[in-house]
Amino acid sequence: MKILFVVQSLKKAGAERMLVNICNELVKDQKFKVAIFLMKMDNEFQDELDNRVILAGGECEIKFSLIRRNIVTNHKYIEFIHKFKPDIIHSHLFHADIFAHTYYYKDAVYVSHLQNSIVEEYNGFLFKRIFKKPMWTNLYEYSWIYSKYKKFKTNFIACSAGAYKLHNDRLGIGEVKIIPNASPLPKNLEPRTSVSRIVKMIWVGRFTDVKRPQLAIQIAKLLRYKDIPFHLKMIGTGLELDNCKELIHKEGLAKNVQLCGLMNNMDSIYKNADLLIHTSVYEGLPLVFAEANSYGIPIVTTNCMPDNDFIVHKKNGLIIKTDSPTDFVDGICDIIENSVLYAELSKNAIEHSKKFGMENYIQSLLDFYHSMLEKKK
């Protein structure tokens, strides 16, 4: 089976890391030939992506216009498809999804990966935003991609129950299967029994409005005000990084909060962390949840997942149902001041993560591919 994945780039983020994990697992079996086509030849996983995975791409562009002709530059993509001859074309994230549907290769099954429970482009017409240009742009993109989904007979993978609901509410076409995001499981890890004397916390994600890194810094401010000894490592990069630097300096948190940028060795980060805090507005199923739990790290998170099917409150983490830093800090204190609760959360985290190992994920993915290929015959 030949599988072609399409993504904008391999920047270090959850969806991209998930794709790298999938490819690395698939190429272990000689029955599969795997390629990734990048719209932009930007690969931050050089040291992690198996060299048996074919990497191609570049010189790609798609620009929609409401009044002019759309601009589509996809000649390299078309050339590669006809050279590789994929059985499966599997696109990740919305703009790569659009790009993968600019050319119809009749011999392949198309699969779209729904990584989020909210995709603004799927919202369609919203009367309250009638005078906002993004609404009209989103409406055009939604109409365009919906027609392509129908023409290409696209199938869908939903990373969570929330993403599945998004498909049913906004699309309702093609086959769809829930396959929760997964992570390679570390071996021989024992549950943690208590937090460190100086509580080691991590925040992992893109520095964007949706991820709300500033909320993590506000949480840190309150923890310091309560004289709780802690250190917070914030891992990632993005448009809000400079604003976060300024906020850390303004609040005098340089000794407590460290901006780490992109990390090549997340294993050491997870092994040395006591807690993960997660501050997103919304998610599908963030890969960091599966990764952190597999290391026995309890998660304190916003209520960011509709139809949450990963975090069980007070079992493998805490769900904070408000956006209040005070409520976050109260939840963190409940955990770090109760060693029995912490040990239970850590034990359950490891057990819960076993449902989200890559071995199970790959089998579910291949079952889906095979069923779609059978229907295409």
Side-chain angles (χ1 to χ4, degrees), residues 1-58 80 84-93 96 100 108-109 111-115 157-160 177 179-189 204-206 235-236 262-271 284-295 350 353-370:
M1 183 190 296
K2 293 183 178 180
I3 307 164
L4 172 61
F5 295 101
V6 183
V7 69
Q8 281 183 278
S9 66
L10 283 179
K11 286 288 198 180
K12 285 211 168 175
E16 290 82 355
R17 183 177 295 279
M18 179 72 193
L19 173 56
V20 169
N21 289 341
I22 292 170
C23 291
N24 287 347
E25 286 296 317
L26 286 171
V27 294
K28 291 177 181 178
D29 191 329
Q30 294 183 356
K31 295 197 297 284
F32 304 108
K33 194 169 183 179
V34 179
I36 301 176
F37 190 93
L38 304 176
M39 294 174 64
K40 181 181 179 182
M41 287 299 287
D42 193 349
N43 178 17
E44 294 177 349
F45 289 89
Q46 297 97 332
D47 298 331
E48 298 173 56
L49 184 65
D50 194 298
N51 58 19
R52 288 171 290 185
V53 179
I54 300 166
L55 209 57
F80 184 77
F84 186 65
K85 296 180 172 57
D87 301 297
I88 303 288
I89 297 177
H90 184 158
S91 51
H92 290 253
L93 302 173
V109 166
V111 177
S112 169
H113 205 124
L114 300 175
Q115 292 278 8
I157 291 171
C159 69
S160 64
K177 182 175 182 178
I179 310 180
N181 284 348
S183 173
L185 298 176
K187 296 180 180 179
N188 304 319
L189 283 182
V204 183
R206 297 186 308 277
I235 297 149
L262 299 174
M263 302 293 292
N264 290 325
N265 184 11
M266 287 300 295
D267 179 69
S268 64
I269 295 293
Y270 287 126
K271 282 182 177 177
L285 195 169
L287 184 61
V288 68
F289 280 9
E291 290 177 337
N293 262 193
S294 71
Y295 283 81
I350 291 175
S353 71
K354 292 176 182 177
K355 302 176 185 177
F356 300 90
M358 281 305 297
E359 186 175 324
N360 291 339
Y361 183 94
I362 292 298
Q363 188 57 58
S364 295
L365 181 66
L366 291 175
D367 288 347
F368 188 65
Y369 286 166
H370 283 300

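Note that the structure is predicted; figures quoted are calculated from it, not measured.
Counting heavy-atom neighbours within 6.0 Å of K2 NZ, excluding the residue itself, gives a total above 12. In Q46, the CD atom is crowded: over 12 heavy atoms of neighbouring residues, nucleotides or ligands sit closer than 6.0 Å. In the displayed structure, K40 atom NZ is contacted under 6.0 Å by at most 12 heavy atoms of other residues, nucleotides or ligands.
With values rounded to the nearest 0.5 angstrom, L55 atom CG is found 4.5 Å from M41 atom CE. Between the CE atom in M18 and the CD atom in E291 there is a gap of 10.0 Å [rounded to 0.5 Å]. Note that CZ of F84 is 5.0 Å distant from CD1 of I54, once rounded to the nearest 0.5 Å. If you take CD1 on I88 and NE2 on H370, they are separated by 8.5 Å, rounding to the nearest 0.5 Å. S183 OG to Y270 OH: the interatomic distance, rounded to the nearest 0.5 Å, is 7.5 Å. Note that OH of Y361 is 8.5 Å distant from SG of C159, once rounded to the nearest 0.5 Å.
Between L19 and L10, the closest side-chain pair of non-hydrogen atoms falls below 4.5 Å. You'll find the side chain of F5 stays beyond 4.5 Å of the side chain of H113, heavy atoms only. Looking at heavy atoms from C-beta onward, N21 lies in side-chain contact with L287 at the 4.5 angstrom threshold. Put simply, the side chain of L366 reaches to within 4.5 Å of the side chain of I362, judged on heavy atoms. D87 is not listed as a side-chain neighbour of I3, based on a closest heavy-atom distance of 4.5 Å or more. The shortest side-chain heavy-atom distance between E48 and M266 does not fall under the 4.5 Å cut-off. Using a 4.5 Å heavy-atom threshold, the side chains of N293 and F356 count as separate. In this structure, M1 and K31 have side chains that are not in contact, with every pair of non-hydrogen atoms separated by 4.5 Å or more.
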- Message: As a quick check of understanding, evaluate side-chain contact (heavy atoms from CB on, under 4.5 Å) for I22 and H90, giving each step before the final call.
- Response: CA-CA 12 Å; I22 292 170; H90 184 158; 5.5 Å; no
- Message: Go through it in stages, so that I can follow the logic: the residues are R206 and K11, the test is side-chain contact (heavy atoms from CB on, under 4.5 Å), and I'd like the CA-CA distance, side-chain angles, deciding distance and then a yes or no.
- Response: CA-CA 10 Å; R206 297 186 308 277; K11 286 288 198 180; over 6 Å; no
- Message: Let's go through N181 and F289 carefully: what are the C-alpha distance in whole Å and the side-chain angles of both, what is the deciding distance for side-chain contact (heavy atoms from CB on, under 4.5 Å) to 0.1 Å, and is it a yes or a no?
- Response: CA-CA 9 Å; N181 284 348; F289 280 9; over 6 Å; no
- Task: Determine, stepwise, if the pair I36 / L49 fulfils side-chain contact (heavy atoms from CB on, under 4.5 Å).
- Result: CA-CA 11 Å; I36 301 176; L49 184 65; 4.2 Å; yes
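For the residue pair S294 and L185, the shortest heavy atom distance occurs at CB-CD2, 3.8 Å. In terms of heavy-atom proximity, R17 sits nearest to M263 at NH2-O, 4.2 Å. Among all heavy-atom pairs drawn from G357 and A182, the shortest one is O-CB, 3.6 Å. The minimum heavy-atom distance between R52 and V27, with the atom names listed, is NH1-O, 3.4 Å. Heavy atoms only, all atoms of each residue included: E16 and L93 are closest at OE2-CD1, 3.6 Å. Residues S91 and A100 approach most closely at CB-CB, 3.8 Å, considering heavy atoms.
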